[in-house]
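Sequence positions, counted from 1, serve as the residue numbers for this chain. Whatever order the structure lists them in is the order used to number ligands and atoms, beginning at 1.
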Amino acid sequence: MCNSYISNLVKHMPDSGIKDFFDVANSLDGALSLGVGEPDFATPKHIRDAAVASIRRADTKYTDNRGTVELRQAVAEYLEKFDLHYHGADEVLITMGASEGIDLALRTLINPGDEVLVVEPCYVSYEPCVELCGGIVAAVRTKASDRFRLTAAGLLEKITEKTKVLLMSFPNNPTGAIMEKEDLEAVAEIVKAHNLFVISDEIYAELTYGKKHVSIASLPGMAERTLVLNGFSKAFAMTGWRLGFAAGPKDVIFYMNKIHQFTTMSAGTTSQYAALEALKNPVREAELERMRTEYDKRRGVMVRGFLDMGLDVAVPEGAFYVFPSVAPLGMDSQEFCRQLLQEQRVAVIPGDAFGACGDGFVRCSYAYSEDVIRKCLQKIAAFVQSR
Ligand SMILES: Cc1ncc(COP(=O)(O)O)c(C=O)c1O
């Protein structure tokens, strides 16, 4: 009945392709899933304890809009490990997850009609968030043959006089691709030559297998034209705490905080205390390594599983996803996922949920126990064999 009141922009916005699949999977008895990109680990106990202690102390008021001084400082110190140098005081903003950072960054930078280069396949919120602020999405497609890395040629092809921002995420969801220093150097040259600004979502920076994450902001001349987004959800198994951060030039942070103060006020205080503990406790690196080692093991099981089925898969070097190609089976992503769910009761995500160029692929998360992964692989193999 209220339909006529809803804004056209929101009315015509497609639902998340991920959510659609969950709704079906959840309604099926005994369905297994490799669908969710959420760590299966519990948030480490000392982090939970620090949150409880802050509540017991009644440290439950609003904080500074930008986040507590201590946490912003701790974030700045933490980012040094990626060769990034920020002042906690005015170059860091604590957000409600990287999700809020993406939205704030786009709304801060984009005027209606500005073009945003979105490197695809990509996280499901990028396109809708660009559109919500009147920006135009220019999809920059990455290809399996390039190991899903962004290439200079791919980028150049999409630049026009209206292009303002490059939005990308490496390590990538859904492909697991990373960018090495040389790859980023080529991109940085183009960004500088065309006077673009980069939003670099580095939420999976801690989850690389073998090669250390490189941030584009650490390259010469890039810090002043890059906003780095990151958070606690993936590396620290803290999805539900809704805590992330943005680090970048102080004027960009200043204007992002202008929106943040009116829409959010400040990120959750209890979560900020938990995050401070996550960064400050010396067990941090050991904990990250423990989770990374486990993901790496599962990654091996997953990649082997798909190769044994005869499906092509670019070996993921980061995040916790594999993105095998199902095109040789003569099905598009949606068909594959729908039929797999119906016949074998296993949920994986159609690649086109992450942008049109993801069609012909499916995303499988290995943020699940090895036992669940093995059971799912068996069922997927049976499905593939029956085709
Ligand atoms: C690339 C990417 N960016 C951002 C997010 C959202 O992160 P957060 O929980 O910090 O909002 C996700 C979650 O899956 C993601 O994959």
* Structure fact -> min-distance protein heavy atom vs atom 14 (O) of ligand 1 -> Lys234 NZ, 2.6 Å

* Asked: Does at least one non-hydrogen atom of Ser169 fall below 4.0 angstrom from an atom of ligand 1?
  -> yes

* **Salt bridge Lys280-Glu277, side-chain N to carboxylate O under 4.0 Å** => no

* Using heavy-atom distances, let me know which of Trp241, Phe232, Tyr123, Tyr126 sits nearest atom 15 (C) of ligand 1. => Tyr123

* To do: Give a yes/no verdict on whether any heavy atom in Glu100 is under 4.0 Å from an atom of ligand 1.
  => no

* Asked: Heavy-atom count around Lys61 NZ within 6.0 Å, excluding the residue itself: above 12?
  -> no

* Non-hydrogen atom of Gly97 closer than 4.0 Å to ligand 1 -> yes

* Under a 4.0 Å N-O cut-off, is there an ion pair linking Glu287 with Lys45? -> no

* Closest to atom 6 (C) of ligand 1 (judged by heavy-atom distance), picking from Ser99, Cys122, Gly240 -> Ser99

* So, Glu294 and Arg290, do they make that salt bridge, N to O below 4.0 Å? -> no

* Identify, for atom 1 (C) of ligand 1, the protein heavy atom at the shortest distance, and state residue, atom and that distance. => Asp201 OD2, 3.4 Å

* Asked: Is the number of heavy atoms from other residues, nucleotides or ligands under 6.0 Å of Gln378 CD greater than 12?
  -> no

* Asked: Where's the contact between Ser233 and ligand 1, heavy-atom distance under 4.0 Å: side chain, backbone, both or neither?
  -> side chain

* Tyr204 near ligand 1 by a heavy-atom separation under 4.0 Å -> yes

* Asked: Of the backbone atoms (N, CA, C, O) and the side-chain heavy atoms from C-beta on, which set of Met96 has a member under 4.0 Å from an atom of ligand 1: side chain, backbone, both, or neither?
  -> neither

* Are Tyr321 and Tyr204 near enough that their ring centres are under 6.0 Å apart? -> yes

* Nearest heavy atom to atom 10 (O) of ligand 1: which of Gly231, Pro174, Ala98 does it belong to? -> Ala98

* Asked: Cation over ring, Arg57 on Tyr273, under 6.0 Å and within 45°?
  -> yes

* To do: Identify, by atom number and element, the atoms of ligand 1 in contact range of Arg242, meaning under 4.0 Å from any of its heavy atoms.
  => 8 (P), 9 (O), 11 (O)

* **Rounded distance [0.5 Å steps], CD in Glu38 versus OG1 in Thr239** => 3.5 Å

* Asked: Hey, is ligand 1 close enough to Thr239 that some N/O pair sits below 3.5 Å?
  -> no

* Sub-3.5 Å donor-acceptor pair from the side chain of Tyr126 to the main-chain atoms of Val137, do we have one? -> no

